[in-house]
Student: 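I have a structure I would like to understand better, so I am pasting it below and will then ask my questions one at a time.
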Amino acid sequence: MSETRLPVVYVCVTCRRAGEPEAEPRPGALLAAATERAADGTEVEVRRLRCLANCTRGPSAAMRCNGSWTYVFGGLDTVNAGALIEGAKLLAGASDGILPWRGRPEILKRALIARVPPIDFVESDL
Ligand code: FES
């Protein structure tokens, strides 16, 4: 595991909300702005990007640290910005690189779309 484990949260700025009329700014952009505000003064870096390929279940965001698993979330709202930052801090503190279930903000349980292992991960018992 790398010694540098600064967490990064990626927020898709192009996400729309399924079933809602076109709106500007897009819900994804609003989530990005809220997440940046929530990260202010923390060690969490927020990066904007275009599309996490989770468009039908947006607004979408992902988080990871060096050596950690990567977590993708969907169906988010601006009120979840603080939870994203809280989760990223939890992930950064997890020595096994896995976002702990205990203490994880509820929305990061319900809104989880997928998790992807770090590149050097091998399931040892398969
Ligand atoms: S537009 Fe946000 S995941 Fe594709």
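First listed ligand is number 1; within each ligand, the first listed atom is number 1.
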Student: Set out, in order, the CA-CA distance, both residues' side-chain angles and the distance that settles side chain to side chain contact (heavy atoms under 4.5 Å, CB included) for Asp77 and Arg17, then state yes or no.
Tutor: CA-CA 9 Å; Asp77 202 336; Arg17 197 175 305 285; 3.8 Å; yes
Student: Return the minimal non-hydrogen interatomic distance between Gly97 and Leu91, and the atom names on each side.
Tutor: O-CD1, 3.6 Å
Student: Take atom CZ in Arg26; do more than 12 heavy atoms of anything else shown fall under 6.0 Å from it?
Tutor: yes
Student: So how many protein N, O or S atoms does atom 2 (Fe) of ligand 1 have within less than 2.8 Å?
Tutor: 2
Student: Closer than 4.0 angstrom, basic N to acidic O: yes or no for Glu22 and Arg16?
Tutor: yes
Student: Decide if atom CG of Leu126 counts as having more than 12 heavy atoms of other residues, nucleotides or ligands within a radius under 6.0 Å.
Tutor: yes
Student: Assess whether a salt bridge exists between Arg104 and Glu86, defined as any Lys/Arg side-chain N lying under 4.0 Å from an Asp/Glu carboxylate O.
Tutor: no
